[in-house]
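The structure appears right after this line, and notes come after that.
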Amino acid sequence: MKKRLETLLRTALERLQAAGEIPTTAEALVQIERTRDPAHGDFAANTAMLLAKPARCNPRQLAEKICSALPDDSAVIRTEIAGPGFINFFIDPAAQYRVIAEIQAQGPGFGRSKAGAGQRVQVEFVSANPTGPLHVGHGRGAAYGAVVADLLEAVGFDVHREYYVNDAGRQMDILAASVWLRYLENCGEVLPFPSNGYRGEYVRDVAADLHRAQGERYRIAANEVLADLPPDEPEGGDKEEYIDAMVRKAKDALGSERYRKVFAAGLDSILDDIRDDLGEFGTHYQEWFSELSLTEAGAVERGLEKLKASGYVYEKDGAQWFASTRLGDEKDRVLVRENGQTTYFASDVAYHLNKLERGFDRIVNIWGADHHGYIPRVKAAIQALGGDADKLEVLLVQFAVLYRGEERVQMSTRSGEFVTLRQLRNEVGKDAARFFYVMRKSDQHMDFDLKLATSRTNENPVYYVQYAHARVCSVFRQLDEKGWARDLGRGMQQLERLNETHELALVGTLSRYPEIVELAALQYAPHHLVHYLRDLAAEFHGYYNSCQFLVDDGDLRDARLNLIDAVRQIIANGLGLLGVSAPETM
RNA sequence: GCGCUUGUAGCUCAGCCGGAUAGAGCAUCGGCCUUCUAAGCCGAGGGUCGCAGGUUCGAGUCCUGCCAGGCGCGCCA
């Protein structure tokens, strides 16, 4: 309907332009918006006020001219000029009711569109280091990324969901060393655990599994392990130096073959856990992209070569630098360290080169907000590689600050004292967790009060929306119990019987759904959908309390049933996009 | 210090690339179950949209400055 009105308006403006009444630069000014107040009609246009100045004409007079130039349309009952120069459109209810039949006909497909048809978009999200289980901070990225991806798909994009697995680098070596040391404990060796090692219980589990499966194959005597190591922090040493020395010791003592096995034991086990965890959270990927595979395929080298060829690489202090400042970054970035090792950023250059080469029309990265300083250098790299930096969209997700009542919960992967996503799901359930995570703007800080979210009977809004769905289902069950049959066709014929305020409002809200989906998708803003669903549920609950649906008048009854069935369908569709279930009973 | 970001009701937050009288939930107070699920509904109170300027027909929304909070500023990942 909105688009239909825009077409009318555009035609009117073209007619006026042809008649020389207004300047010819008015094309972009066609904007139709929904009114907040029904007294202002159903839709309004502010075009006359925007055009008043360039047309050198009083806005209300101009509005008159536009109105008289509007083509006839059966759906528009009348227009009026209001306020400073708004053009208000009043829509024939019969045209509005049509949405109910459309919802009926399209079912789960209603609300989908083709806005992004023909475009391939990659959405990379979570991508947490596989050094431990996902915690509640990752949960927000998982929920947000999954919904953004689903929304994009709903509006026609070809979506590729990807998890970048940081399975190379120092942190993974530290994990491997941690697993090994716990394994040695299983073997009966007595040795101190590094203060900078991964202390989580899951490391012990991996080690125990390794010991069960492989016996003593990786056992080295404690005195040999501890020989020639610098002091750890408790002994007045440096914990970083100590852990690095320990990693080297593990590699030397085990040899590359056995070290790789221990390394893989940790990586595989944790990655499996992450995969299961996300799967149970309703988050699925087309691809798990390994950082290690880039290194092994020589892609990092190739990325460096390509950057060099672009002329943005120079040498200083024995290191190789990327001159990202020339492309808008704050400072230049090291690609290859003085010691010859490439940086994490060099891997990321290779990864983004890979993304470019895969030919996505749009590349969406969902990162924790603490990475925001990282954006300029990646965009700079893309530009230097000859890509279009505007193709890359980085969406930041603020970490949720976790509370237990008044008390703030500290999180640290290293210390092992964190609340995992799995724990959260077990406590509040997938539905509440999903809904809770995406109901706020993603780049906004979020206080996640476990006490509040875990109180099932409390004010968690997910139940409010689900309850509306269950109530509709309940009405249909009641219909059966009364032995009444629903006549769908008769209901559609009788829609004009829906004259109650609540009914007219509901029809209007239902017709907004496709716009909301498109808005939420194109702005990467699932919270719009959440708020819409709450509004829809609220209108329904109000309707439920003010009108009886199962009335003796069969015409009216069927009309109302068609309306609430449409409400049910939209709630189911919307919750589906959020990854939240729509229960038939509660 | 520099960069990014946030500031809206007692609390948690919406406010759809500038629109008509700034909204919701929770909390508080008062009502509604012999009729389709009370996880619900109806009503009331509660606001200097951080502060000060500016842009224009019109500003919570855009610009500048200031105040306050958060994050980021490694040859870490």
Side-chain angles (χ1 to χ4, degrees), chain A residues 31 33-37 39-40 44-46 49-50 52-53 58-59 82-86 88 129 131 166 168-172 174 240 291 316-321 330-331 333-345 347-348 368-376 396 398-399 401 439-441 443-447 449 452 456-468 470-479 481-482 512 515-516 518-520 522-523 525 527-528 530-532 534-535 537-538 540-551 560-561 564 585-586:
Chain A
Q31 272 180 7
E33 40 192 56
R34 290 180 179 272
T35 56
R36 193 179 305 170
D37 185 346
H40 298 137
N46 59 356
M49 291 178 299
L50 296 173
K53 202 169 195 179
N58 171 306
F86 288 104
N88 293 336
N129 283 350
T131 53
N166 293 120
R170 179 166 172 263
Q171 294 305 321
M172 287 309 299
I174 294 175
E240 305 288 349
E291 180 187 357
K316 193 182 100 184
D317 303 332
Q320 292 189 42
W321 296 72
E330 278 181 5
K331 51 180 81 167
R333 309 292 172 179
V334 172
L335 292 161
V336 183
R337 290 191 274 259
E338 198 176 356
N339 65 13
Q341 286 190 325
T342 55
T343 59
Y344 176 81
F345 176 58
S347 290
D348 243 9
D370 53 337
H371 284 65
H372 72 248
Y374 204 75
I375 299 172
L396 298 177
Q398 286 283 354
F399 269 30
V401 180
M439 65 187 283
R440 303 276 156 75
K441 263 190 311 202
D443 58 352
Q444 204 78 294
H445 296 269
M446 183 171 96
D447 292 342
D449 185 345
L452 193 88
R456 255 196 117 69
T457 53
N458 216 331
E459 60 272 5
N460 201 324
V462 66
Y463 298 118
Y464 185 80
V465 177
Q466 288 180 320
Y467 186 46
R471 267 185 155 174
V472 177
C473 294
S474 172
V475 171
F476 279 94
R477 282 194 298 274
Q478 286 291 319
L479 182 77
E481 280 172 28
K482 289 186 190 245
R512 275 171 56 209
E515 295 165 27
I516 295 293
E518 190 167 315
L519 176 77
L522 297 181
Q523 294 193 354
H527 73 276
H528 287 307
V530 174
H531 286 279
Y532 168 84
R534 256 193 14 156
D535 288 348
F540 172 76
H541 287 309
Y543 180 38
Y544 182 93
N545 276 271
S546 77
C547 290
Q548 189 79 14
F549 307 145
L550 300 178
V551 291
R560 287 184 169 167
L561 287 175
I564 65 169
T585 58
M586 285 178 76

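Predicted, not measured: the structure shown is a model, and the values here were computed from it. So you know, we letter chains A, B, ... as the sequences are listed, proteins then strands, and number each from 1.
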Whole-Å gap separating C1' (G19(B)) and CG (Asn88(A)): 11 Å
Closest listed nucleotide, where the reference is the side chain of His40(A) and the choices are A20(B), C76(B), C41(B): A20(B)
Lys316(A) versus Trp321(A), closest heavy-atom pair with distance: O-NE1, 3.1 Å
Stems involving RNA chain B, each a run of at least 3 consecutive Watson-Crick or G-U pairs under 3.5 Å: B:1-7 with B:67-73, B:10-13 with B:23-26, B:28-32 with B:40-44, B:50-54 with B:62-66
Euclidean distance, atom CE of residue Met49(A) to atom C1' of G18(B) [Å, nearest integer]: 10 Å
Whole angstrom value for the distance that separates P of C4(B) from CD1 of Ile375(A): 12 Å
Nearest-nucleotide 5' precedence on RNA chain B, Ala538(A) against Gly83(A): Gly83(A)
Check: His40(A) side chain, Ala82(A) main-chain N or O, donor-acceptor pair, under 3.5 Å: no
Sugar-phosphate, base or nothing in reach of Phe345(A), heavy atoms under 4.0 Å: nothing
Side-chain (Thr35(A)) to main-chain (Ala44(A)) donor-acceptor, under 3.5 angstrom: no
Selection from G3(B), A77(B), A20(B) that lies nearest to any side-chain heavy atom of Glu330(A): G3(B)
Spatial distance of atom CG (Leu550(A)) from atom CG (Leu561(A)) [nearest 0.5 Å]: 6.0 Å
Check: protein-nucleotides 32-37 of chain B nitrogen or oxygen pairs below 3.5 Å:
unit_1, atom_1, unit_2, atom_2, d
C36(B), O2, Phe549(A), N, 3.4
C36(B), O2, Leu550(A), N, 3.3
C36(B), N3, Phe549(A), N, 3.1
C36(B), N4, Tyr544(A), O, 2.4
C36(B), N4, Cys547(A), O, 2.4
U37(B), OP1, Ser474(A), OG, 2.2
U37(B), OP2, Ser474(A), OG, 2.9
U37(B), O5', Tyr544(A), OH, 3.3
U37(B), O2', Tyr467(A), OH, 2.0
U37(B), O2', Arg471(A), NE, 3.2
U37(B), N3, Met586(A), O, 3.4
U37(B), O4, Met586(A), N, 3.0

Side-chain (Thr343(A)) to main-chain (Leu335(A)) donor-acceptor, under 3.5 angstrom: yes
Leu519(A) CG - G15(B) C1' separation (whole Å): 12 Å
Contact nearer the 5' end of RNA chain B, comparing Lys316(A) with Ala44(A): Ala44(A)
Whole-Å gap separating P (C13(B)) and CG (Asp443(A)): 12 Å
Spacing of the C1' atoms in C42(B) and A52(B) (rounded, Å): 43 Å
Whole-angstrom distance between A24(B) and G43(B), as gauged at atom P: 10 Å
Nucleotide nearest Asp370(A) when distance is taken to its side chain, options C71(B), A77(B), C41(B): C71(B)
Separation of C17(B) C1' from Lys441(A) NZ (nearest whole Å): 13 Å
Atom P, compared across G25(B) and G40(B): separation rounded to whole Å: 11 Å
Gap in Å between the two C1' atoms, one belonging to A59(B) and one to C17(B), rounded: 15 Å
Minimum-distance nucleotide to Thr343(A) side chain [options: A77(B), C4(B), G19(B)]: A77(B)
Spacing between Arg534(A) atom CZ and G23(B) atom C1', to the nearest angstrom: 10 Å
G60(B) versus G15(B) - spacing of their C1' atoms, nearest Å: 8 Å
Distance in angstrom units between Asp535(A) CG and G40(B) P, rounded: 16 Å
Donor-acceptor under 3.5 Å (Asp317(A) side chain, Ala319(A) main chain): no
Least distance between heavy atoms, Ala537(A) atom then Val465(A) atom: CB-CA, 4.0 Å
Stacking of Phe86(A) on A20(B) base (centres under 5.5 Å, planes under 30°): yes
